[in-house]
Amino acid sequence: MALLSKKDANLIKDPLADNNPITIQVLGICSALAITAELKASVVMAISVLFVMGVGNVVISLIRNIIPSKIRIIVQLVVVAALVIIVDQVLKAFAYDLSKTLSVFIGLIITNCIIMGRFEAFALGNGPRRAFLDGIGNALGYGVILVIVGFFRELLGSGTLFGIKVLGDPIAKTGLYSIGYENNGFMIIPPAALIVVGVIIWVQRSRNRALIEEA
Amino acid sequence: MLEHLELFFKSIFVDNMVFAVFLGMCSYLAVSKKVTTAVGLGAAVIFVLGVTVPLNWLLDKYLLQDGALVWLGPEYADYDLSFLSFILFIATIATMVQLVEIVVEKFSPSLYNSLGIFLPLIAVNCAILGGSLFMQTRDIPNIGLALNYGISSGIGWFLAILAIAAIREKIRYSNVPAPLRGLGITFIITGLMGIGFQSFGGMLTGDNEPPEETQSTTAETQKEKEIKKEIDEDEKAISYNEALNK
């Protein structure tokens, strides 16, 4: 990486695995789980968060020296809320069906703890360039988990990916269904998302035992 | 009266904030290690939801909805400010939380000591904003019901965090696989509890309730409706859950 120094590259790389916002820092679970029944919704959600975090981190970092620390939470909330309104309006204009599926969860990006957490922990103390990289890195780490969960839930639950029937047609009994495979309706119900994330955490921590929590 | 009761039980059990729509998960996971702190946070959530949902209902009704500004005069009738709702709702919540904190600190220092540290946390708890946003999308018709909705979904959240805190206190004595310890097992337990709560789903399907109401509003995809047919699978999962608990 000639473009980025090693320190900067780590800002993007760390949140992808060993310091993942969802599985390690436990931030931003709220919106992550409810919308992952479909891969498409997960991808859109990940992109929305990427936009809000990248831009938001830069804005906060630029005004960090003029925010009075007593009211910084409200200032941060207003910045995020403004960005989320942009995302919401764009989605309503260009992807109305999807914005219906995501319903209030786009609005809930405002209170996504990842965003507030990174503002507090990073953007308030670092310059705009590093803050931008940190925002992008964390949003990518969040997006990766979202896409993994969405992938498994849609594949196992409905046998589709992005709405395309990859495993054959369950009604006409083609493809995998011809040998008696059935969709697992359990994966579609909301609590399954929690279990899938739990299993992802399990896999990640068995591969990297340094992450195991003390009992 | 009946609609109040129905909304009350529905928001606690059927549309439980944690188990049905995953709101407030961050503080739910972070502050559920001990029952006493969980109770403090839960009480604060009930209180703040009970205050902010009716307030935001008023804002929505008289400021934001399509044509809501008509009380200013007929020429304002076609204004639709609903795109501003995120920013207004969150501003109301943040100010209310700050205000509540100041008032409680002044008048009841003992309550402040037990509740105080959680109050600032609550401004960014998604359950609070979620309460207001669901109140908006579900078109709650009057302020009494909005108050009811706020308090009862707060109680639902309170029950959830109380239950998980109690389980986490117990599970310390169990032999959980090391990589699953802490966060992992909490996720899986919450998932199993969520499946348990799904069984309340059929509880309130009285004839005076439009059938699509529970489904369309909880941000579950249309696919879920097709899946209703597969309720068998659901029951299998619940018995699996019970087997696991044994």
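Chain letters run A, B, ... following the sequence lines, proteins first and then strands; every chain starts at 1.
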A:Leu194 and B:Ile188, any side-chain heavy atoms less than 4.5 Å apart: no
Heavy-atom side-chain proximity of B:Phe86 to A:Val80 below 4.5 angstrom: no
Minimal non-hydrogen separation, [X] against [Y], with atom names:
{"X": "A:Leu77", "Y": "B:Ala94", "value": "CD1-CB, 3.9 Å"}
{"X": "A:Ile85", "Y": "B:Phe83", "value": "CD1-O, 3.4 Å"}
{"X": "B:Gln198", "Y": "A:Pro191", "value": "NE2-CD, 3.9 Å"}
{"X": "B:Leu180", "Y": "A:Gly198", "value": "CD1-O, 4.0 Å"}

Residues A:Trp202, B:Ile185; criterion side-chain contact (heavy atoms from CB on, under 4.5 Å); working and verdict: CA-CA 9 Å; A:Trp202 191 359; B:Ile185 195 73; over 6 Å; no
Neighbour count >12 (heavy atoms, 6.0 Å) for atom CZ, A:Phe152: no
Name of the residue among A:Val78, A:Ile74, A:Ile110 meeting side chain to side chain contact (heavy atoms under 4.5 Å, CB included) with B:Ile90: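 For B:Ile90, the side chain to side chain contact (heavy atoms under 4.5 Å, CB included) check succeeds only for A:Ile110.
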Interface moiety of B:Ile87 toward chain A, non-hydrogen atoms closer than 4.5 Å: both
Which atoms of B:Gln98 approach chain A - backbone, side chain, both or neither, heavy atom under 4.5 Å: side chain
Distance (rounded to the nearest 0.5 Å) between B:Arg181 CZ and A:Ile201 CD1: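 If we round to the nearest 0.5 Å, B:Arg181:CZ and A:Ile201:CD1 are 14.5 Å apart.
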